[in-house]
Amino acid sequence: MPGCFKKTLFALASLISFVSFILIVVAMGTPKWMTGKILCKTGADLVNATDPELVKFIGEIYYGLFRGGKIRQCGLGGRRSKFTIFPHMVKKLNTGLHVMIIMFLCVAIFFSLVSFGFCILNTIKVPYRAINGPAGACLWNFLAGGFVVLAVTSFMAAVKLHHLTERIANFRENVFRFVILEERFEDCFWICVASATALAVNLLLIAISGIHFPKIKTKTEEVNVTAEDIMY
């Protein structure tokens, strides 16, 4: 059986792995990875809108990995609409990169669950095989965190290098053209970052569990037995 200190660390590590799994699942299903402000350039140019009048042409957009929505402001009031990335819009985006982001997160979910199982195993008993012990738990945590980092980095690349927000804003817009005034990463994006951070903390906890701390030895007083003591 593992010691009390080691059991506590692995119990905490298993909890963190499970929380990380939940965070990734929630982030994937929520449609607010990115929000922004979009300017209806065509409408503003048609009426030669000046700075005070531009407010009538500035709308909003938000989206996640699977769906989103926007408010179009082209001078005649706001029009709300919702959209889904699959199956139609993904053809207009960088399909390979977008699918890779989803796949990276799915793999991270799998490895975080495997890490949870390994941490539970190490809480209950000391495995005979090294791969089932702290080394294995470290491996699965590292892989899960690594794939989350890959997903987050790929999403940032899609937004900044492949102009993801602009492509989504102009999807099926035949008359009006929208330009991006402002982009902001939202809670779901930062939830994924938090998940990767939690898995990194797990690595630290598992590493600490492998440290063998010196045992504190208590000094025993030497007992001098004399001949007189034996007589009594």
Side-chain angles (χ1 to χ4, degrees), residues 1-34 64-67 85-86 97-158 185-222:
M1 290 289 290
C4 184
F5 178 69
K6 195 170 183 178
K7 284 174 69 174
T8 304
L9 287 178
F10 272 105
L12 184 58
S14 62
L15 176 63
I16 292 174
S17 293
F18 187 73
V19 169
S20 179
F21 157 75
I22 296 295
L23 289 177
I24 300 170
V25 171
V26 169
M28 285 187 71
T30 309
K32 277 202 175 181
W33 279 55
M34 176 69 69
L65 298 179
F66 299 99
R67 63 189 190 278
I85 304 294
F86 294 93
L97 186 57
H98 197 81
V99 172
M100 277 174 60
I101 294 168
I102 296 171
M103 286 181 63
F104 285 152
L105 289 176
C106 289
V107 174
I109 287 171
F110 172 74
F111 282 133
S112 61
L113 279 178
V114 174
S115 169
F116 170 70
F118 270 64
C119 290
I120 290 291
L121 175 66
N122 281 267
T123 304
I124 299 170
K125 65 177 183 178
V126 178
Y128 291 107
R129 298 176 63 185
I131 191 62
N132 295 336
C138 274
L139 174 64
W140 305 125
N141 268 281
F142 177 78
L143 289 173
F147 277 103
V148 174
V149 170
L150 284 174
V152 167
T153 307
S154 299
F155 184 77
M156 291 176 68
F185 292 104
E186 283 298 333
D187 295 342
C188 294
F189 174 83
W190 296 114
I191 284 174
C192 274
V193 175
S195 174
T197 306
L199 291 165
V201 171
N202 247 7
L203 286 174
L204 181 62
L205 289 176
I206 296 167
I208 292 172
S209 72
I211 299 174
H212 297 285
F213 294 99
K215 292 182 179 180
I216 301 171
K217 293 183 178 179
T218 56
K219 254 188 175 181
T220 54
E221 294 183 1
E222 292 183 1

With heavy-atom distances below 4.5 Å as the criterion, would you say the side chains of [X] and [Y] are in contact?
X: Phe155; Y: Leu65; result: yes
X: Leu199; Y: Leu203; result: no
X: Phe66; Y: Met28; result: yes
X: Pro134; Y: Phe10; result: yes

Closest heavy-atom pair and its distance - [X], [Y]:
X: Val148; Y: Cys192; value: CG1-O, 3.2 Å
X: Trp33; Y: Thr30; value: CD1-O, 3.6 Å
X: Leu205; Y: Ile16; value: CD1-CD1, 3.7 Å
X: Phe118; Y: Ala137; value: CD2-N, 4.1 Å
X: Ala11; Y: Thr123; value: N-OG1, 3.4 Å
X: Lys32; Y: Glu186; value: O-CB, 3.3 Å

Could you tell me whether the side chain of [X] and the main chain of [Y] form a donor-acceptor pair under 3.5 Å?
X: Trp140; Y: Phe116; value: no
X: Ser17; Y: Ala13; value: yes
X: Thr153; Y: Leu150; value: no

Margin query: Surrounding CZ of Phe18 (heavy atoms of other residues, nucleotides or ligands, distance under 6.0 Å), is the total greater than 12?
Written below: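 12 or below, so no.
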Notebook entry, point to check: What do you reckon, is CZ of Phe110 surrounded by more than 12 foreign heavy atoms closer than 6.0 Å?
Noted result: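 Result for CZ/Phe110: open.
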Margin query: Would you say Ser20 and Ser195 are linked by a side-chain donor-acceptor pair, where the criterion is simply a distance under 3.5 Å?
Written below: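 Ser20 and Ser195 do have a side-chain donor-acceptor pair below 3.5 Å.
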Next item on the list: Please round to the nearest 0.5 Å and tell me the distance separating atom CG of Leu143 and atom SG of Cys138.
Entry: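 Atom-to-atom, Leu143:CG and Cys138:SG are 11.0 Å apart.
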Notebook entry, point to check: Going by the angle between their ring planes, with limits at 30° and 60°, are Phe86 and His98 parallel, tilted or perpendicular?
Noted result: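 Judged by the thresholds at 30° and 60°, the geometry between Phe86 and His98 is tilted.
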